[in-house]
Amino acid sequence: MRDISFGQYYPVNSFIHNLDARVKILVTLLFMVSVFFIVSYTAFAFMFLLLTLTIAVSRVPFRIVAKTIEGILFLLIFTALINIFFTSSGNVLVPIRMGGNVVLNITDQGINFAIKMAFRFTLLVLGSSLLTLTTTPTELTDALEFLLKPLKLIRIPVHDLAIIMSIALRFIPGLVEETDKIMMAQKARGASLDSGNLFKKIKAMLPVLIPLFVSAFRRADELADALDARCYNASSTRTKLKVFKIKPMDIFVFVGFAVVLTAILLDKYFVGKYVPSPDLGGFEVQGLDVLIYNFIRSVVEHGKV
């Protein structure tokens, strides 16, 4: 549990850290939207390369960003298995039989969906964790409040929402640390949390969850008392310690990623469509993969482009 880095801030001076927090939030949202529109493995490779370069520029160690994958590893595997075993479209690769009857079919499209879904989850988690690692909770709160200002027109307490989001992010590292302490205390008392089957492990976690909930409620009460003792209120007249100013580089980054999103949309809707590949057993390719597939097939068949 101590290895989970989502919600933590990594203090270092870098180009990504110095970007406007509002721009980073908007770029992260564009990134998430673009991930769901990716259809070709070429675009996935480009996004992974772009994300890797961004992590390198941020000067955040890649191992810290990659730790966030550990928290969703079970979800990745579970989602992949669901797509593999319950996707009926495509060519059957492995029929699973029970009692002589076909129960499930593993198809090429099922494997294709599973791989792409795993890529999407990985990109989403890495991209969102990079936002929290390079932006302080205070900057996130102020940026969210600024971006949600239009909701004030319909009397939604924007400042309260921003504070709630900020506190939730700041609670994550504390709860992770508290969970680790409780688990070590239970193990010191002879509790077996790692042995047995899945149901035994779930049952063994009950002595951990109960004190964790108690600790979380206690921390919430202490935080509320601290806010009251400091006469905190969500008045609109509150000033900011740091005033946001858009710089030319912020505009350049936002426009650059808007171009990336446009390219991904073009890749899905205009560059290429689904084309069955007889060389791959009927496996369908899409987007830029169509152009690359046709190029490789032309080179193999004719020895020239």
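A distance of 9.0 Å separates CZ of F217 from CG of D221, quoted to the nearest 0.5 Å. With rounding to the nearest 0.5 angstrom, the OG1 atom of T42 is 11.5 Å from the CZ atom of F46. Distance OG1/T138 to OH/Y9: 10.5 Å, rounded to 0.5 Å. In this structure, the separation between CE on M183 and CG on L212 is 10.5 Å, given to the nearest 0.5 Å. In this structure, the separation between CG on L130 and CG on L51 is 6.5 Å, given to the nearest 0.5 Å. Put simply, CG on L126 and CD1 on I69 are 4.0 Å apart, with the number rounded to the nearest 0.5 Å.
Here the side chains of L161 and L144 are not in contact, with every heavy-atom distance at 4.5 Å or above. Side-chain contact check for F15 versus T54: every heavy-atom pair is 4.5 Å or farther apart. At least one side-chain heavy atom of I246 sits under 4.5 Å from a side-chain heavy atom of R22. Side-chain contact between I16 and V60 is absent, with no heavy atoms from C-beta onward closer than 4.5 Å. Between I115 and F119 the shortest side-chain heavy-atom distance falls below 4.5 Å. At least one side-chain heavy atom of F254 sits under 4.5 Å from a side-chain heavy atom of L30.
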Check against side chain to side chain contact (heavy atoms under 4.5 Å, CB included), F146 and D20: CA-CA 12 Å; F146 180 88; D20 192 290; over 6 Å; no
Passes side chain to side chain contact (heavy atoms under 4.5 Å, CB included), M47 versus I264? Steps please. CA-CA 10 Å; M47 292 300 287; I264 290 175; 3.7 Å; yes
If you apply the rule side chain to side chain contact (heavy atoms under 4.5 Å, CB included), what do you find for I251 with V23, and how did you get there? CA-CA 8 Å; I251 299 175; V23 173; over 6 Å; no
Intermediate values then yes/no, side chain to side chain contact (heavy atoms under 4.5 Å, CB included), V253 and K24: CA-CA 9 Å; V253 170; K24 284 191 280 187; over 6 Å; no
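The minimum heavy-atom distance linking S40 with D267 is given by the pair OG-OD2, 2.8 Å. Summarising the geometry of S58 relative to T134, their closest heavy-atom pair is CB-CG2, 4.0 Å, with the distance given to 0.1 Å. Nearest heavy atoms, F36 versus L124: CZ-CD1, 3.6 Å. Taking every heavy atom of both residues into account, I25 and A143 meet most closely at CD1-CB, 3.6 Å. Shortest non-hydrogen contact noted between H17 and L133 is NE2-O, 3.6 Å. The heavy-atom pair separating V65 from S129 by the smallest distance is CG1-OG, 3.7 Å.
Linking Ile, Leu, Val, Met, Phe, Trp and Tyr whenever their side-chain heavy atoms come within less than 4.5 Å leaves I210 and M184 in two separate clusters. If you chain together hydrophobic residues whose side chains sit under 4.5 Å apart, I164 and I156 never meet in one group. Hydrophobic cluster membership is shared by F31 and V255, with clusters built from Ile, Leu, Val, Met, Phe, Trp and Tyr side chains linked at under 4.5 angstrom.
Residue pairs that meet the salt bridge (Lys or Arg N to Asp or Glu O under 4.0 Å) test with at least one member in residues 126-141, sequence neighbours left out, are E139-K242. The stretch residues 250-266 participates, sequence neighbours left out, in these salt bridge (Lys or Arg N to Asp or Glu O under 4.0 Å) pairs: K247-D250.
By the 6.0 Å and 45° rule, K116 does not stack over the aromatic ring of F121.
Scored by the salt bridge (Lys or Arg N to Asp or Glu O under 4.0 Å) test, R120 finds no partners at all (sequence neighbours excluded).
Of the residues listed (L123, L29, L261, V260), the one engaging S34 in a side chain to side chain contact (heavy atoms under 4.5 Å, CB included) is L261, and it is the only one.
When atom types are taken as modelled, the side chain of T135 and the backbone of T132 share no donor-acceptor pair closer than 3.5 angstrom.
For F48, the CZ atom is densely surrounded, since the number of other residues' heavy atoms within 6.0 Å is greater than 12.
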